[in-house]
Peer 1: 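Before we start, here is the structure in question, set down as structure tokens.
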Amino acid sequence: SVKGKERGEIEIKIEFGGGLHLLFSQQARHVVHVPAHVPDSSPSKPVDMRYLVKYLKSDLLSERIEMFGEGDGVRPGILVLINDADWELEGELDYELKDGDEVVFISTLHGG
Amino acid sequence: SVKGKERGEIEIKIEFGGGLHLLFSQQARHVVHVPAHVPDSSPSKPVDMRYLVKYLKSDLLSERIEMFGEGDGVRPGILVLINDADWELEGELDYELKDGDEVVFISTLHGG
Amino acid sequence: MRPLSLDEYKRYGRQMIQSEWGLPGQLKLKRATVAVVGAGGLGCPVLQYLAGAGVGTIRIVDHDEVDVSNLHRQVLHTTDRVGRNKAESAAMAIEALNPHVKAVSIPKAVHNNNAIELLSGIDILIDCTDRPETRYLLSDTAVRLDIPLVSGAAIASSGQWAVYGGVMNGKRRACYRCMWPAVIGDGGGRCSDVGVWGPVTGMVGCGMAGEAIKEILGHGDGYMHMMRLGTPLRSIKLRSQRPTCSCAGGEAPEIRVGECSTKTTTAVERVSPKELHAIQDSVTIVDT
Amino acid sequence: MRPLSLDEYKRYGRQMIQSEWGLPGQLKLKRATVAVVGAGGLGCPVLQYLAGAGVGTIRIVDHDEVDVSNLHRQVLHTTDRVGRNKAESAAMAIEALNPHVKAVSIPKAVHNNNAIELLSGIDILIDCTDRPETRYLLSDTAVRLDIPLVSGAAIASSGQWAVYGGVMNGKRRACYRCMWPAVIGDGGGRCSDVGVWGPVTGMVGCGMAGEAIKEILGHGDGYMHMMRLGTPLRSIKLRSQRPTCSCAGGEAPEIRVGECSTKTTTAVERVSPKELHAIQDSVTIVDT
Ligand SMILES: [Zn+2]
Ligand SMILES: [Zn+2]
């Protein structure tokens, strides 16, 4: 998203590696702005990875959702890093995003 | 420094590249704790790169200060990065350090 | 009797003075047997630097023949040797570099039914192949042989490499399946389909050779390194073994990938990114 | 008339299908003349991948002879060619890889008084040498010839590489002097003194070949890449030209480094880290 960050939004850096950028307009690096709190949540809930993954599928993915998403989450075989740490250590979909976080999605390559 | 961070201290990650680690106990990565404010400064002044460089010379350097320091600063030929940005863009010695900052000192290699 | 000949001392002096190395390290290398599967874009640099470093015995497994379209990246072969088996061509090259290395060329494809036989007795397995089926097969074989796997891949301007399996700091590393329980990414694209930059296979292969040597010297670590031309390099720490993975079961897992090989894209010679997507559909799932 | 022969189409197909490449890119490579100074640990992989990719004319400058102690990392040479000039040995190897490349071997050392003569007429200069004096000399020469310089270095288990000078996005890049106005770091250590891992020179050389090709294709960028075995890879953006550097003056700077060469450490054959420090004292300052 090219527009500036609005009040109540946070900025997340996204990177796609291992060929996944092919699914996102062939662009490896993106900066997205998402609401700091999940819209219409009551009580108000900080935005989490579950929201971000959903947002990526609906707003950023340019092709073939089945290559990226599975259920609420991402497909097995996609390694997710939050600020360079494996998201398994961060609570996966329940991780609460902070302004400036960097999220990296990587799959494996096979050519040689 | 291995002890925990005390009240009023901030933690700075230090890395030495390009052979500079030879001057710092042959260790490339260090974590140091420095006071958040320059001791005995009045009015109280946030700690800056000038203080850190002085601290590295007095407390961390294991050999031959003339290879690292020159005046208040570092020798020409040492590239300094603060959170991955060239410190020329960050105010050099006047940059005010924040808890969690990463400072990298790099010199060039010549072998081949 | 000297542990190394005078020629070997001279030849390896510049590496033996490294702190992680020394005479004990050089002797570990000399006594080691490694297998390099694939003598192509990744295998060529791996073989050059393992042979240069003095790994004692190197098995080279490749059933393919040198083609002129390989030579932009498969730099161990020559125009004269187009048409020859790649394992044999590579063996000739590394023997010319270092006569102290025993190069054993195996001009065969690795399959379910010969993997254990071809690869038993080795200390490290190095995967320089280009198909997901073979990659899982080699990982399962390394798990069964209880040895580390150095695995790298390169396609277009991207590459990545890591050590899988084996033990680091007393903890079992993730195997290839632990990290990649399913295939996505380049979706089974092969360099013959999608193409690749020669220097990218070169960088990945050199990185793999470095990991293999560190592993033999007893200084292995747990990073996956990633590169893409024109972007910053990146490294991440890999997790340790996943308890739900087949490699963590009491019994060694059955090798169960080869059966997918009919789904590969051998008929496609060159593809556009658009066509690539269509191909991906047919080969994505090799293991679910 | 075809711009490329059928053999060339076949040979380069896997790279020509890359998006940055295509037929126009391949023709740019074919028409390019590059000079590689130093056919040692860095020069060997650089030469392999530039020749493989089809760079039209490659000048190889090296006055040194192949020694058995080189072969662990200088993988383009062979045991048979020990004692031969390295530029000639390297030329033989890359011609065997790709007969479409014109390899011009220049068995000479580069000095103040012959640098311009040996290197004029080239499109890119690639520094694969191992002494600070030569590095500054080559940077000054590239500034004077107004061409980009691809410069890399490797020592022990560390390496780094970058493109210096030339123009990127309409802005002048930093030259080697802009970035490194004085010598510190490995303090003039050379691989023959301090030693180096073969795969490290390999990775850096492959990285340099990649940068050189991107530069020829018109896709150069501005990172310096750094590696050290066992640690994460790192890349940083280099600054642009420093206004106070000699390269930014109206006139091309005089070349003024070679006179320091008497201070190098040629007599030392192997050193411990302790001794290294002593050596550093004598060679640190080449340009203040
Ligand atoms: Zn596993
Ligand atoms: Zn300059």
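Within every chain, numbering begins at 1; the chains are lettered A, B, ... in the order of the sequence lines, protein sequences first and strands thereafter.
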Peer 1: Give a yes or no on this: more than 12 heavy atoms of other residues, nucleotides or ligands lie within 6.0 Å of atom NZ of D:K108.
Peer 2: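 No, the 6.0 Å shell around NZ holds no more than 12 heavy atoms from other groups.
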Peer 1: Determine the minimum heavy-atom distance between D:A153 and B:L109, stating which atoms define it.
Peer 2: CB-O, 3.2 Å
Peer 1: Rounded at 0.5 Å granularity, tell me how far CE in D:M226 sits from OG1 in B:T108.
Peer 2: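 Reported value, rounded in 0.5 Å steps: 10.5 Å.
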Peer 1: I'd like to know if D:R234 and B:E102 make a salt bridge, using a cut-off of under 4.0 Å between side-chain N and carboxylate O.
Peer 2: yes
Peer 1: Would one find more than 12 heavy atoms of other residues, nucleotides or ligands at under 6.0 Å from atom CG of D:N169?
Peer 2: no
Peer 1: What part of B:I106 is in contact with chain D, defined as an atom under 4.5 angstrom from a non-hydrogen atom: side chain, backbone, both or neither?
Peer 2: both
Peer 1: If you count heavy-atom pairs under 4.5 Å with chain B, which of D:D127, D:L238, D:L42 comes out on top?
Peer 2: D:L42
Peer 1: Do the rings of D:Y176 and B:H110 sit parallel, tilted or perpendicular, given the 30° and 60° boundaries?
Peer 2: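 D:Y176 and B:H110: perpendicular rings.
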Peer 1: If I take atom CE from residue D:M179 and atom OG from residue B:S107, how far apart are they, to the nearest 0.5 angstrom?
Peer 2: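 These two atoms lie 11.5 Å from each other.
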Peer 1: Under 4.5 Å heavy-atom distance to chain B, tell me which part of D:T129 shows up: side chain, backbone, both or neither.
Peer 2: backbone
Peer 1: In Å and rounded to the nearest 0.5 Å, what is the CG to CD1 distance from B:D84 to D:I236?
Peer 2: 8.0 Å
Peer 1: Give the member of D:M224, D:R135, D:R228, D:K237 that has the highest number of heavy-atom pairs under 4.5 Å with chain B.
Peer 2: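 Among the listed options, the one with the most contacts to chain B is D:R135.
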Peer 1: Please flag which part of B:E70 lies under 4.5 Å from any non-hydrogen atom of chain D: side chain, backbone, both or neither.
Peer 2: neither
